[in-house]
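Single-structure report; data block below.
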Amino acid sequence: MLARPAAVKLIRPDKPISVEVADRFAFEAQAAARLRSIHSVEVYDFGVTRDGAFFLVMELLEGMDLETVVRKFGPPPPARAVHVLLQVCEVLSEAHEAGLLHRDIKPANIFLTTRSSSLDLAKLLDFGLVRTIGCDREQPATPRKLAGTPAYLPPEVVTADCYGECHVDGRADLYAVAAVAYYILSGELLFDRDTAEDMAVAHVVEEVIPLGQQVTVPSDLEDAVMKALAKDPDSRQPSVAAFAEELREVSVPSWSAADARRWWQRYGEAATKPS
């Protein structure tokens, strides 16, 4: 009925839908729809089909997620990494100002696409684990398990499983953004372990190998990323916005429209399949 290309996310349950699951799906759709940043995915509609499947109608994106970019083409130059990270920080800043935590920041949820006005546009995907900051008894409950992806879990989220998440704020998303920065700059995870549990525990008890020992990057960029990876949230930048301010000042050249055009002309055919 929209008469334009769209992506439809379908969840087909294998058993009757509980009220809690239905509320969680609606909360995801409404949270995503509240954001107005160009770096969030535009939501057109959501609902339940006659046979009980949830659907979420969104803008159709053509391009490639950041994890695939790194896997196929290697770590991007620091200039491009900073360019992408600043876009992610922009949409997260809006979400945090609205009282929303994403809770699943990872390269696979950062999608690179093209627009007439921007050849290297980053979109933040998947608000399926979003929750309000602090204790909100009105929001739907999240299933009782660690929320997020083990490779990018903030330490306070790992320990929150023991005593609740009321203390978790936007600095948890900041840690995950920094973990993404570490990965796309170096091609290495913070902690590469055999099991999800071991990986999650490592975020709490093990020290991160300094970024500069993994890859050559400007010292001010390394300092900003490593500060955001502090175990104690109080030792990080106070917000994603503050981290973005530091990124804008690092000593890397800007990623220009010409740089982006050259990359998309070279790799665009492989990177513009619909997703």
Side-chain angles (χ1 to χ4, degrees), residues 35-42 59 61-95 102 105-125 152 173-190 211-212 214-229 237 239-273 275:
L35 302 179
R36 292 292 177 263
S37 171
I38 192 174
H39 305 299
S40 64
V41 178
E42 188 175 356
E59 64 175 311
L61 299 178
E62 294 184 348
M64 188 178 294
D65 68 75
L66 197 51
E67 182 173 326
T68 302
V69 169
V70 174
R71 190 172 64 249
K72 282 192 170 185
F73 309 114
R80 190 185 192 194
V82 169
H83 174 74
V84 171
L85 292 167
L86 284 172
Q87 295 178 73
V88 175
C89 287
E90 179 185 312
V91 64
L92 279 177
S93 294
E94 182 191 7
H102 186 282
I105 308 297
K106 58 184 177 182
N109 278 343
I110 299 169
F111 198 88
L112 298 184
T113 186
T114 60
R115 290 282 176 86
S116 57
S117 59
S118 177
L119 288 175
D120 219 12
L121 183 68
K123 291 275 191 176
L124 182 59
L125 311 179
Y152 304 94
D173 279 347
L174 169 58
Y175 179 96
V177 171
V180 169
Y182 189 99
Y183 171 73
I184 65 174
L185 286 165
S186 68
E188 302 290 340
L189 297 175
L190 293 180
L211 179 60
Q214 302 276 28
V215 64
T216 300
V217 294
S219 59
D220 49 4
L221 177 55
E222 178 185 14
D223 290 345
V225 172
M226 295 305 296
K227 181 178 180 179
L229 290 172
Q237 294 87 343
S239 65
V240 168
F243 178 63
E245 285 300 316
E246 292 186 11
L247 290 182
R248 291 187 184 95
E249 299 299 324
V250 297
S251 51
V252 298
S254 62
W255 179 253
S256 68
D259 294 327
R261 186 175 297 107
R262 281 191 293 269
W263 191 92
W264 285 94
Q265 286 175 344
R266 182 174 181 181
Y267 301 114
E269 185 175 349
T272 54
K273 296 179 180 178
S275 176

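Note that these values count all heavy atoms, side chains included, but never hydrogens, waters or copies made by symmetry.
- Screening V88, V84, L121 against H39 for a side-chain contact (heavy atoms from CB on, under 4.5 Å) leaves a single residue, L121.
- Counting heavy atoms from C-beta outward, V252 and P78 have side chains that approach closer than 4.5 Å.
- Nearest heavy atom pair, residue F243 against residue Q237, reads CD1-NE2, 3.5 Å.
- Contact annotation: the side chain of V69 never approaches that of P76 to less than 4.5 Å [non-hydrogen atoms, C-beta and beyond].
- Counting heavy atoms from C-beta on, the side chains of L125 and I110 never come closer than 4.5 Å.
- Side chain of E246 to main chain of A242: no donor-acceptor pair is present (N/O by atom type, distance under 3.5 Å, no hydrogens or angles).
- Heavy-atom minimum distance, E222 versus G212: OE2-N, 2.8 Å.
- P253 and A79 make their closest contact through O-CB, 3.0 Å (heavy atoms, listed as atom of the first residue, atom of the second, distance).
- Side-chain atoms of D120 and W255 include a donor-acceptor pair closer than 3.5 Å.
- The distance from atom OG of S37 to atom CD of E90, rounded to the nearest 0.5 Å, is 4.0 Å.
- The heavy-atom pair separating I184 from A81 by the smallest distance is CD1-CB, 3.8 Å.
- Annotation: side chain of P218 is not in contact with side chain of V250 (no heavy-atom distance under 4.5 Å).
- Minimum heavy-atom separation, L229 to Y182: CD1-CD1, 4.1 Å.
- Annotation for T114 and W264: closest pair CG2-CD2, 3.5 Å, computed over non-hydrogen atoms.
- Within the 4.5 Å cutoff, no side-chain heavy atoms of H102 are placed close to those of V177.
- Taking CG of N109 as the reference point, atom CG of L66 lies at 10.5 Å (rounded to 0.5 Å).
- With sequence neighbours left out, the side chain to side chain donor-acceptor pair (under 3.5 Å) criterion links E245 to R248.
- The salt bridge (charged side-chain N to carboxylate O under 4.0 Å, His left out) contacts involving residues 250-266 comprise D259-R262, where partners must be two or more places apart or lie in separate chains.
- Side-chain contact check for L189 versus Y152: some heavy-atom pair is nearer than 4.5 Å.
- Distance check, rounded to the nearest 0.5 Å: CG of D223 to CG of L211 gives 10.0 Å.
- Distance check, rounded to the nearest 0.5 Å: CG of D65 to NZ of K106 gives 9.5 Å.
- The aromatic rings of F73 and W263 sit perpendicular, their planes meeting at an angle over 60°, well past the 30° parallel limit.
- Under the 3.5 Å distance criterion, with hydrogens and angles disregarded, no donor-acceptor pair is assigned to the side chains of Y183 and E67.
- Under the salt bridge (Lys or Arg N to Asp or Glu O under 4.0 Å) criterion, E188 pairs with no residue at all, not counting sequence neighbours.
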(message) Checking S40 against L124 for the side-chain contact (heavy atoms from CB on, under 4.5 Å) test, could you report, in this order, the C-alpha distance in whole Å, the side-chain angles of both residues, the deciding distance, and whether it holds?
(response) CA-CA 5 Å; S40 64; L124 182 59; 5.9 Å; no
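- Rounded to the nearest 0.5 Å, atoms CD (E62) and OG1 (T113) are 7.0 Å apart.
- Remark: side-chain polar atoms of Q214 are not paired, donor with acceptor, to backbone N or O of S186 under 3.5 angstrom.
- Interatomic distance, I38 CD1 to K123 NZ, rounded to the nearest 0.5 Å: 5.5 Å.
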(message) Applying side-chain contact (heavy atoms from CB on, under 4.5 Å) to I105 and L92, what does each step give before you reach the verdict?
(response) CA-CA 10 Å; I105 308 297; L92 279 177; 3.8 Å; yes
